[in-house]
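See below for the structure under consideration.
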Amino acid sequence: MIVIKSEITISELAKLMNVSVHQIRYFEEKGILQPAYTDTNQYRKYGMDQVYELARILLLRKLEVPVQSIKACMTSYSADQQRQLLHHSLQDIEAELQRLQELQQFILKVLHEEQSFSLQPNQFQVKKRDLTFLTRFIELDSHTRLDAARLAEEAGRVPNLFESDIHYLYDGSNTVTLYLESQTSGEVSLPKGDYLSLQCLIHEEELEHLIEHFFDYAAAQSFPLQGPLVVIERSYLSLFSPHQLHYELQALITPPANPDGRG
């Protein structure tokens, strides 16, 4: 009489469940999976019960349940607790999807800004800008540079600071205020309109000279400017030029008077 064994070896189980033999042995060491029996040759043997147990273990690991908690999940969790586990996992997945979407938008922004600069580097142009809301970040003396100590004072106020466009507003006073863009109403708004624009990669100490060059050009070309000078720092573009900073200077061009003579 031929006896047909229905159990499989550890290597066959590993192949069936698409895991490594090491993983199965690890689960056994942690006491959450045991073979059906060990034969006379000391080979572990596994049946359908162990196949289903391993399937549940792998599902719980996929849900990021710690290995030390899996035994309780498999032996003592109620149906309601299992549902809660799935709901928590779903919330984590939704948060991760949101994070990935934000990362995707940031990468697209970096690529767009880098392409925009590489097409017309160090050239003046007129850009249309939509209404933009800004939130105050730091205020500095006009002759003081931003330094690490001052940034450290503001630590925690802004997540991922250097993934943001930092707006320096020069209004002719003795202070320069740094702002970040806001999705809703902010403390300051930049009006919609045409802006004279210049993008440059420079060292920080060259910024003052660049500002002088900007106003000299505007005067030579008879561009009537109004409002503050906006200097936008895009530090994330240092990915492409690690020893320089990317600045864009913008100033609103005064719109022409209406034909009836009213401004």
May I have the step-by-step check of side chain to side chain contact (heavy atoms under 4.5 Å, CB included) for Glu233 and Tyr247, ending in yes or no?
CA-CA 5 Å; Glu233 178 186 312; Tyr247 290 98; 3.8 Å; yes

Check: [Y] and [X] side chains under 4.5 Å, non-hydrogen atoms:
{"X": "Asp92", "Y": "Glu96", "value": "no"}
{"X": "Arg44", "Y": "Glu28", "value": "yes"}
{"X": "Leu85", "Y": "Leu60", "value": "yes"}
{"X": "Phe214", "Y": "Leu225", "value": "yes"}
{"X": "His246", "Y": "Gln199", "value": "yes"}
{"X": "Phe133", "Y": "Leu131", "value": "yes"}
{"X": "Arg25", "Y": "Ile10", "value": "yes"}
{"X": "Phe137", "Y": "His167", "value": "no"}

When rounded to the nearest 0.5 angstrom, what is the spacing between [atom1] in [X] and [atom2] in [Y]?
{"X": "Thr132", "Y": "Gln183", "atom1": "OG1", "atom2": "CD", "result": "10.0 Å"}
{"X": "Ile8", "Y": "Leu16", "atom1": "CD1", "atom2": "CG", "result": "5.5 Å"}
{"X": "Lys71", "Y": "Tyr77", "atom1": "NZ", "atom2": "OH", "result": "14.5 Å"}
{"X": "Leu108", "Y": "Leu103", "atom1": "CG", "atom2": "CG", "result": "9.5 Å"}
{"X": "Ile57", "Y": "Lys30", "atom1": "CD1", "atom2": "NZ", "result": "13.5 Å"}
{"X": "Leu58", "Y": "Arg56", "atom1": "CG", "atom2": "CZ", "result": "11.0 Å"}

Test side chain to side chain contact (heavy atoms under 4.5 Å, CB included) on Leu169 and Leu134 and set out the steps.
CA-CA 10 Å; Leu169 265 58; Leu134 302 175; 4.0 Å; yes

Exercise: identify the closest heavy-atom pair between [X] and [Y]:
{"X": "Arg150", "Y": "Leu140", "result": "NH1-CD2, 3.6 Å"}
{"X": "Cys200", "Y": "Asn122", "result": "SG-OD1, 3.1 Å"}
{"X": "Ser116", "Y": "Lys127", "result": "OG-NZ, 4.0 Å"}
{"X": "Ser118", "Y": "Gln115", "result": "OG-O, 3.0 Å"}
{"X": "Ser78", "Y": "Gln81", "result": "N-OE1, 2.8 Å"}

Salt bridge (charged side-chain N to carboxylate O under 4.0 Å, His left out) partners for Arg136, two or more places apart:
Glu139, Glu187

For atom [atom1] of [X], decide whether the heavy atoms of other residues, nucleotides or ligands shown that lie under 6.0 angstrom number more than 12.
{"X": "Gln226", "atom1": "CD", "value": "yes"}
{"X": "Phe240", "atom1": "CZ", "value": "yes"}
{"X": "Asn174", "atom1": "CG", "value": "no"}
{"X": "Gln221", "atom1": "CD", "value": "yes"}
{"X": "Lys45", "atom1": "NZ", "value": "yes"}
{"X": "His203", "atom1": "NE2", "value": "yes"}
{"X": "Lys109", "atom1": "NZ", "value": "yes"}
{"X": "Asn18", "atom1": "CG", "value": "no"}

Give every residue pair that meets the ring pair (Phe, Tyr, Trp, His ring centres under 6.0 Å) criterion with at least one member in residues 217-237, sequence neighbours excluded.
Phe106-Tyr236, Phe124-Tyr217

Side-chain donor or acceptor of [X] paired with backbone N/O of [Y] under 3.5 Å:
{"X": "Gln82", "Y": "Cys73", "value": "yes"}
{"X": "Ser235", "Y": "Phe162", "value": "yes"}
{"X": "Gln50", "Y": "Gly47", "value": "yes"}

Lys15/Glu12 salt bridge by N-O under 4.0 Å criterion:
no

Look at Lys128 together with Asp194 and state whether they make a salt bridge at an N to O cut-off of under 4.0 Å.
yes

Answer with yes or no whether the hydrophobic clustering places [X] together with [Y]; edges join I, L, V, M, F, W, Y residues whose side-chain heavy atoms lie under 4.5 Å apart.
{"X": "Leu151", "Y": "Ile166", "answer": "yes"}
{"X": "Leu198", "Y": "Tyr195", "answer": "no"}
{"X": "Tyr168", "Y": "Phe117", "answer": "no"}
{"X": "Leu196", "Y": "Leu252", "answer": "no"}
{"X": "Leu245", "Y": "Leu237", "answer": "no"}

Going through the checks in order, is the side chain to side chain contact (heavy atoms under 4.5 Å, CB included) test met by Glu212 and Glu208?
CA-CA 6 Å; Glu212 292 176 2; Glu208 187 173 339; 4.3 Å; yes

Distance alone, cut at 3.5 Å: any donor-acceptor contact between the side chains of [X] and [Y]?
{"X": "Gln125", "Y": "Gln123", "value": "no"}
{"X": "Gln98", "Y": "Glu102", "value": "yes"}
{"X": "Glu248", "Y": "Ser197", "value": "yes"}
{"X": "Asp171", "Y": "Ser173", "value": "yes"}

Decide yes or no on side chain to side chain contact (heavy atoms under 4.5 Å, CB included) for Ile24 and Tyr46, but give the supporting numbers first.
CA-CA 11 Å; Ile24 296 174; Tyr46 304 85; 4.1 Å; yes

